[in-house]
Amino acid sequence: MDYAIEPAPRTILHVDMNAFFASVEQASNPALRGKPIAVIGAKDRTVVLTASYPAKACGVKTGATVYEARRRCPLVQFVVGNPHKYMDTARRIALILHQYTPLVEVCSIDEAFLDISGSLYLFGNATRIAHAIKDAIRTAFNITCSIGIAPNKLLAKVAANLQKPDGLVIVNPDDVPAFVHDLPLDEICGIGPHMTAFFQQRGIRTCGQLQPVPRAYLERQFGVTGAWLHEAAFGRDTAPVIPADEEAAPKSVGHSMTLAHNVTNRADVEIYLQQLAEMVGRRMRAAGLCGTTVAVSIRWASFASVTKRQTVAEPLRLGADIYHVAQRIWTTIPLREPVRLVGVSVANVRPQGEQLPLFAAERKVLQLTMAQDMVNDKYGEYTLYPAAVLQRCRRERTIAPSWRPHGVRQAIR
Amino acid sequence: MKFQCSLSVLREAVQMLAPVCPLRTTLPILSNVLIRAEQGELTLMGTDLDVSMRTTIAAEVSKTGETTVPVRFLLDAVRRMSAENISVSVDDLNVMTLRAGDKVQCSLRGMAPVDFPRFPKIEAADSVQLPVKELNSMLRATSYAVSRDETRYVLNGVCFNFAEHFDVVATDGRRLAKYTNAGIKRDEPRQIVVPSKSITQLLQMLTGEGMADLRFSATQMEVTVNQTKLVTRLVDGHYPNYTQVIPKSCQHVIVLNRRDFTNALGLASVVTEKTKQPVIRITLAQQRMTISATTAEIGDAKDILEVKYAGDDMEMAFNPTFLTECCQSTDADEIMFEVTNAASPIVLRVGDAFLCVVMPMRL
């Protein structure tokens, strides 16, 4: 007897949280529900980060200034965003997603890809999984999401964008040719305004119109991207869903920041270096890495920049040690102009061997850092940091584009 | 200047001095060795201003004088010559001509000796004498453990501690090696830290029998062995209190055959070779110690040693280099493995004189 089960067709889910920051705020404050609200940053010159759907309907867009938003929608209520709350919610959502497949790629704070090809039969079918996820997120957080189901990441993302809010769009493998035929090019993630304009000048607006364009021509125009474009026009994409723990090990870990005002004082730059060093150290420890080469980058007011490096014998992982080297590098850079941007990075990274120090004083520092990490993991970033750094960071926190839910996989195991 | 001497003796002397002379330096003359011919003897000297070394060999001097030549070329030249004796002459332009027999000849351009730094004189201070062999074993047993981290410059040196005993100590903050000479006592305690480069150089001259004479002032140490003298700057700084690091007691003492243990570590190291952060595991169970390692790149290895151990099962992780270097630094047949728990340092001990404290890695 033949027990072989026909392998399930490749099925990718794209989960997109609807107006994520605004939804989280509305979920935690019933008075805001159903109202036009806009989540803004805490800084003086802030812009709208996310607008709720009623506000969006009035034309309040992400990136609009407070003034502009109020002009378009006089009733809009502004809420100062709380990144800690969003990161925590995103982490919990990631935990829900992991219940349906281990192959979850969180690609930003409010979006994730799931490869459910292997767990389709376990839960019935893709639609059931999508509904289960939507229900779970709604029950837990009272927020909605749009889900796209398709044979690959490219189309799943397009599908999720088609119905908002609270949408569910399914593209079956057989429907792909029809689905892409009239799909505008700029709906595809990866085709930006430049490319759209390029094709528009040549009378190409949809994927269907792009299909007859020879691959060789596209490759000549766009290099490697050209080949990808050709495949994308047919709705084909083989990019795998990469879970966080299978991402390639980074070659370096770094942070940089453009300063709110140009700085002309050496000591002030040092405080930024210290903050960046602490941030780099924290990220390296979270990723289980240590490294031996520290680089300091400075961009001057004139936009000229300088980067200097130093390599040490023993791998570093503590913010204070990284700062120590960064500070030494900084002493070798003359302050010629006001400083516009400061960056600290550590290269030559390797997995961190958990070698314990022999001297009690050093062990204490290590234990203190581990305790600090635990506090920051539990109560949010910048709960416990060196005082010099803390005062400013509290005001200037943002969510890095490289944000990933930390500890989700470990929690599952 | 003109002299004749044994080629092999000259070669040995140049070989010993060469590592002192820096290859890249802002003072070009430091890359040279100073050679001074006096009645019946030849004095060779090299320095990098931190470490200076001088040695005297016998020679038939027909015309006295002094010159300097690049030590690197002199060494390469005498290494490639084979003869009983070598005859050397130097002209007024400091060109040194080496002749080994009738057919072999090599001329090297030197520099005038006037700019060569004077050999440092150390103001008479404390002194200690001990057999060359003993000092050699003390340094070999410890010097590998110095730190290479420049930010911890005190740990870049080897600590000589004179008190009730003479301790030689080296540590990089993760393991510590100590060798005690109980025969040398001092009423007034004294501690000095000798730079690691000087130790390497010192080991070069600690060969054969005889006594080594150590003299030290506040900033320098001078070591004399037979015809050779080394003067080194000392590390300026306070060495950490190493006695605090050495466990006062332990739960279990396991006697290991050093050769077997070293072989087991070597086998485990085969699979950790290419990893940047090698880790080996030591597992203790009733009557056995298992030394193992696994890496994704190469594979795994395991060796089970039968030992007298009756405690609870225990698993520890170590940097294999720390254990291997310690085992290789001694000739003893047996080594004591003293352990308390997986998160506390272990002690590898040979007799009363030598011990090595190694901090484990977190599992």
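Chain letters run A, B, ... following the sequence lines, proteins first and then strands; every chain starts at 1.
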Nearest-0.5 Å distance that lies between atom SG in Cys290(A) and atom CG in Asn348(A): 10.5 Å
Inter-chain contacts: residues 166-182 of chain B against chain A, heavy atoms under 4.5 Å: Thr171(B), Gly173(B), Arg174(B), Arg175(B), Leu176(B)
Under 4.5 Å from a heavy atom of chain B, the part of Leu366(A) involved: side chain
ring-ring contact (aromatic ring centres under 6.0 Å, His included) against Phe113(A), all qualifying residues, sequence neighbours excluded: His14(A)
Stepwise side chain to side chain contact (heavy atoms under 4.5 Å, CB included) check, Val294(A) with Val312(A): CA-CA 8 Å; Val294(A) 178; Val312(A) 294; 5.7 Å; no
Any donor-acceptor pair under 3.5 Å from Thr262(B) side chain to Cys327(B) backbone: no
By salt bridge (Lys or Arg N to Asp or Glu O under 4.0 Å) - contacts of Arg281(B) (at least two apart): Glu315(B)
Part of Phe318(B) lying under 4.5 Å from any heavy atom of chain A: neither
Counterpart residues, ring-ring contact (aromatic ring centres under 6.0 Å, His included), relative to Tyr100(A) (two or more places apart): Phe123(A)
Straight-line distance of Arg233(B) CZ to Asp48(B) CG, nearest 0.5 Å: 8.5 Å
